[in-house]
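When a ligand or atom number is given, it counts from 1 through the structure's own listing order. FYI, the numbering just counts along the sequence from 1.
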Amino acid sequence: MDYQPLIARWRGSELDRWAQQLEQQIGKGLDQKRYGDLARWLQALEELPPVQADAIHLNSARVGASTATPLPTATAQQLHTTLGKLHPWRKGPFDLFGVHIDTEWRSDWKWNRLQTQIDSLQGRRVLDVGCGSGYHCWRMLGDGAKEVIGIDPTPLFVVQFWALQKYLQQDNVWVLPLPMEQVPAKLQALDTVFSMGVLYHRRSPLDHLQELKDCLRPGGQLVLETLVIEGALGDTLLPEGRYARMGNVWFLPSTDTLLSWLRKLGFVDEQLVDICVTTTEEQRSTDWMTFHSLKNFLDPEDASKTIEGYPAPRRAIVTARLPGDWSPVE
Ligand SMILES: C[S@@+](CC[C@H](N)C(=O)[O-])C[C@H]1O[C@@H](n2cnc3c(N)ncnc32)[C@H](O)[C@@H]1O
């Protein structure tokens with residue numbers, strides 16, 4: 001997990017301010033004293049068998065790599081067993097040389113819902129906040145992004161990204177072990193910023209939106225995906241206890257409320273791109289994520305409610321831009 005090439009590339013660029021802090025941030029985000037299981041995950045990363053990919057797949061539902069001829073059985077088994085040590089795999093799916101990592105989420109469905117609705121990623125520098133294993137980062141690269149930076153404070157997901165990177169070997173996609181709060185203030189250097197599945201985890205959603213805005217260049221685009229409720233302008237649910245068994249859920253706005261938050265902060269061209277109720281086909285337990293999943297978090301008598309009696313998870317995707325004309329940086 002060598003971040004030096006990225007730090008070197010950013011030195012002297014518009015991201016120099018971040019480059020200066022990155023080494024220390026990474027040390028903190030991957031601190032083995034803080035994260036007791038990290039040594040075990042890093043050991044698994046070491047144990048992954050060497051395989052030279054003949055083709056890499058960024059534009060298919062199962063992101064991954066393949067060889068022209070099947071792997072020897074023993075190598076395939078070693079790959080399968082070692083990847084299994086990085087359980088739970090939540091965001092995917094991936095396929096490495098015939099090993100299908102059937103993740104908890106069909107993250108490709110979310111990608112399909114937004115891919116044609118956003119500004120082209122061709123030549124753009126992209127930030128994916130709360131990227132998990134980095135599944136969507138690979139898809140963004142597949143859609144032509146010049147550089148993709150994912151950030152996520154959960155070290156297991158960062159290690160999962162590096163397991164993919166061992167075989168896909170792309171030097172313009174990175175997942176950094178840090179939360180949004182550690183991205184330097186007012187970077188104004190990203191062309192597109194994604195925040196998907198993060199807003200409802202933030203106690204102050206408007207501060208999160210402001211932080212996302214401050215990362216963007218003039219005319220840059222925000223792609224935001226979050227839990228919402230049905231309702232009118234001004235309606236917002238603040239679950240008192242848990243929501244779908246999650247303890248860290250704060251504000252679920254109606255879509256009109258969400259769009260008004262964006263306007264209030266000075267975004268323009270705000271648009272609702274998609275809205276859907278999450279199904280137990282999209283989020284479910286699998287061999288690669290054996291813990292409870294959505295089915296267990298819904299009222300067994302009435303799937304339109306969570307186990308706590310709140311409206312079942314409904315997700316919206318919205319886009320918005322910063323005022324100004326966007327043009328590519330040469
Ligand atoms: C529901 S998952 C969404 C993953 C992915 N973006 C997607 O849409 O499939 C939320 C992710 O946000 C990360 N996260 C939580 N708090 C965060 C923060 N303050 N900054 C950045 N990421 C955060 C979690 O570790 C988790 O991987």
Side-chain angles (χ1 to χ4, degrees), residues 18 25-26 28-30 34-35 37-38 41 61 63 86 88-94 101 103-115 118 126-140 148-161 164 173-185 187 190 192-212 214-215 222-228 243-252 273-274 276 278 282-284 289 291 293-294 297 313-319:
W18 199 353
Q25 291 180 337
I26 289 164
K28 195 169 158 204
L30 297 176
R34 227 169 126 203
Y35 302 105
D37 289 322
L38 185 54
W41 297 326
V63 164
L86 301 179
W89 285 85
R90 294 193 181 272
K91 310 296 172 176
F94 300 104
I101 304 175
T103 48
E104 177 188 19
W105 281 84
R106 289 295 306 265
S107 308
D108 51 317
W109 293 5
K110 187 182 291 188
W111 187 249
N112 292 345
R113 288 196 282 269
L114 65 83
Q115 186 178 25
I118 62 175
V126 176
L127 180 67
D128 184 7
V129 176
C131 64
S133 65
Y135 175 83
H136 295 122
C137 296
W138 297 108
R139 301 301 305 264
M140 292 166 197
V148 183
I149 306 301
I151 60 170
D152 202 289
T154 307
L156 172 62
F157 302 153
V158 178
V159 177
Q160 290 173 344
F161 163 78
L164 268 288
V173 55
W174 299 82
V175 170
L176 311 177
L178 47 103
M180 182 66 204
E181 301 84 294
Q182 285 180 24
V183 174
L187 268 185
L190 280 302
T192 303
V193 173
F194 290 80
S195 167
M196 304 196 287
V198 178
L199 189 78
Y200 53 87
H201 286 315
R202 298 296 305 277
R203 196 163 48 180
S204 176
L206 277 98
D207 286 343
H208 181 63
L209 295 175
Q210 182 68 49
E211 288 162 7
L212 299 170
D214 288 345
C215 289
L222 170 68
V223 181
L224 181 75
E225 191 253 16
T226 194
L227 289 171
V228 293
Y243 174 86
R245 289 263 155 89
M246 293 183 281
N248 56 344
V249 174
W250 297 92
F251 291 87
L252 278 61
V273 159
D274 184 78
C276 70
T278 309
E282 184 167 355
Q283 185 191 7
R284 74 280 191 251
M289 204 303 289
F291 303 147
S293 189
L294 181 60
F297 308 150
R314 170 184 298 268
R315 296 182 137 78
I317 301 172
V318 299
T319 58

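Arg284 and Ser293 form no side-chain donor-acceptor contact under 3.5 Å, judged by distance and modelled atom types alone. A side-chain donor-acceptor contact under 3.5 Å links Ser195 and His208.
Close contacts between ligand 1 and Gly132 involve ligand atoms 27 (O) [criterion: under 4.0 Å to a heavy atom]. Within ligand 1, the atoms closer than 4.0 Å to a non-hydrogen atom of Phe157 are 27 (O), numbered from 1 in the order shown. Residue contact check: Tyr200 has heavy atoms under 4.0 Å from atoms 1 (C) of ligand 1. Applying the 4.0 Å criterion to heavy atoms of Thr154 picks out, from ligand 1, the atoms 25 (O). For ligand 1, the atoms closer than 4.0 angstrom to any heavy atom of Pro179 are 18 (C), 19 (N), 20 (N), 21 (C). Close contacts of ligand 1 with Glu181, meaning ligand atoms under 4.0 Å from a residue heavy atom, involve 18 (C), 19 (N), 20 (N). The atoms of ligand 1 that sit less than 4.0 Å from any heavy atom of Val198 are 12 (O).
The aromatic ring centres of Phe94 and Tyr135 sit less than 6.0 Å apart. When ring centroids are compared, Phe161 and Trp138 come within the 6.0 Å threshold.
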* Could you check Trp41 against Gln160 for side chain to side chain donor-acceptor pair (under 3.5 Å), going step by step and ending with a plain yes or no? => CA-CA 9 Å; Trp41 297 326; Gln160 290 173 344; over 6 Å; no
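The neighbour count for Arg34 CZ, taken as heavy atoms of other residues, nucleotides or ligands under 6.0 Å away, is above 12.
Among all non-hydrogen protein atoms, the one lying nearest atom 15 (C) of ligand 1 is Pro153 CG, 4.2 Å. Lys110 NZ, 2.5 Å is the protein heavy atom nearest to atom 8 (O) of ligand 1.
Take Glu282 and apply the salt bridge (Lys or Arg N to Asp or Glu O under 4.0 Å) test, not counting sequence neighbours, and it matches Arg113.
When Met196, Arg90, Arg202, Met180 are ranked by how near their heavy atoms come to atom 20 (N) of ligand 1, first place goes to Met180. Of the listed residues (Pro177, Gly130, Cys131, Gly92), the one carrying the non-hydrogen atom nearest atom 12 (O) of ligand 1 is Gly130.
Looking at Asp152 next to ligand 1, an N or O pair under 3.5 Å apart turns up.
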